[in-house]
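In what follows, a structure is listed as structure tokens, so that the remarks can point back to it.
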Amino acid sequence: MRKRTSGYALSFLLVLLAGLTGAIVGLRAIQRTDLGRAAWPDSEEGLQLISTVLAQAAPATPGAGLPALAPTPSPAPTKGPSLLIPTPVPPTPTPVPTLTPVQRASPTRAPRPTPTPPTPTPVPPTPTPESHYEFIPAGPVRHTTEGCAGQAIRGTVYDQAGNPLPGIRLWMYDQWANEAFAESKSGAIDLGQYDFPIFHNSPVTFYVTILGPDGSRISPTVEVPHRQGPYQSANCHWLDWKRTR
């Protein structure tokens, strides 16, 4: 029994050497290096290599006299850190404010004044008490169809005693601002008398007043209608004046 065991050991050693020699030859063929430059492995590496060769050459069935060598597990590939790809978040739409149109107040335009045509009719002055005038009418206006050669306003200017006064200036104008001037006469026959010829044969209103030496009014203004009212046929109008002081 002991002899048989020694024979098995010798056979195992020869097989081991043959495997080792084949491994070296294969390595040299792969590397194509010079045998003199090849380095022999040390004891630990040789034993590892022999173990590997024996494991590959041994039968896979148990009971053949060699223990089954478990293959060295390959290390699981190391995974690097997972790359997290951020999911893009859609931007939140900003609500656009609705612009409310501003209602502008329409400018209020002042109505344009209607141009008033100039009134040709002179406005009589504000009546003043007769005591403030130097002359006042000696009576109402008289209307006749005789006493005038044509159409006219006639009269006489008197002093306080009733005597005719020459050189007194009078002013007459109508409703269209036509005007005329006259002066009381100084003749022996027509002393103190004055007259304004009328050239209108249509209805018209005249205004008569006495002027002072400076052109100011020294009497009230008297209205004399012509070809109007109940005196439409009258062609002569009489207006006398008297001095008050």
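From a predicted model like this one, the values you see are computed outputs, not experimental measurements. FYI, side chains are in, hydrogens and waters are out, and symmetry mates aren't considered; it's all heavy atoms of this structure.
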Apply the side chain to side chain contact (heavy atoms under 4.5 Å, CB included) test between Y207 and each candidate in M172, E223, E179; give the one that qualifies.
E223
Does the side chain of P220 come within less than 4.5 Å of P137's, by heavy atoms?
yes
Side chains of S219 and T209, donor plus acceptor under 3.5 Å
yes
Does H226 have any ring pair (Phe, Tyr, Trp, His ring centres under 6.0 Å) partners at least two apart in sequence or in another chain, and if so, which?
H237
Test side chain to side chain contact (heavy atoms under 4.5 Å, CB included) on L165 and R243; report intermediate values, then the result.
CA-CA 9 Å; L165 282 176; R243 174 170 270 174; 4.3 Å; yes
Side-chain donor-acceptor pairs under 3.5 Å in residues 186-198, sequence neighbours left out?
unit_1: Y194; atom_1: OH; unit_2: L239; atom_2: O; d: 2.6
unit_1: Y194; atom_1: OH; unit_2: W241; atom_2: NE1; d: 3.3
unit_1: D195; atom_1: OD2; unit_2: K185; atom_2: NZ; d: 3.0

Kindly compute the distance separating CZ (R154) from SG (C236), expressed to the nearest 0.5 Å.
6.0 Å
Applying ring pair (Phe, Tyr, Trp, His ring centres under 6.0 Å), name anything that partners Y158, two or more places apart in sequence or on another chain.
none
Criterion side chain to side chain contact (heavy atoms under 4.5 Å, CB included) on N235 and R227, from CA distance to verdict
CA-CA 8 Å; N235 63 331; R227 301 295 184 184; 4.0 Å; yes
Keeping R245 on the side-chain end and Y133 on the backbone end, is there a donor-acceptor pair under 3.5 Å?
yes
Report whether Y231 and V224 are members of the same hydrophobic cluster (ILVMFWY, side-chain heavy atoms less than 4.5 Å apart, transitive linking).
no
Hydrophobic clustering (ILVMFWY, side-chain heavy atoms < 4.5 Å, transitive) - are F206 and V222 grouped together?
yes
For the residue pair L170 and L211, establish whether any side-chain heavy-atom pair is separated by less than 4.5 Å.
no
Is there a donor in the side chain of T244 and an acceptor in the side chain of E134, or the other way round, less than 3.5 Å apart?
no
Enter the distance from I136:CD1 to D240:CG here, rounded to the nearest 0.5 Å.
12.5 Å
Audit row: W171, R217, side chain to side chain contact (heavy atoms under 4.5 Å, CB included) steps and yes/no
CA-CA 9 Å; W171 176 33; R217 301 184 190 199; 3.4 Å; yes
Does atom CD of E146 have more than 12 heavy-atom neighbours, drawn from other residues, nucleotides or ligands, at distances under 6.0 Å?
no
Sidechain-backbone polar pair: Q175 side chain, T205 backbone, donor-acceptor under 3.5 Å:
yes
For S216 and D214, which heavy atoms make the closest approach, and how far apart are they?
OG-OD1, 2.7 Å
What pair of heavy atoms forms the shortest contact from P203 to Q228, and how long is it?
CB-CG, 3.8 Å
Does some side-chain heavy atom of F135 sit less than 4.5 Å from a side-chain heavy atom of I168?
yes
Any chance you could lay out the side chain to side chain contact (heavy atoms under 4.5 Å, CB included) test for Y173 and N178, step after step, and finish with the verdict?
CA-CA 5 Å; Y173 57 90; N178 298 312; over 6 Å; no
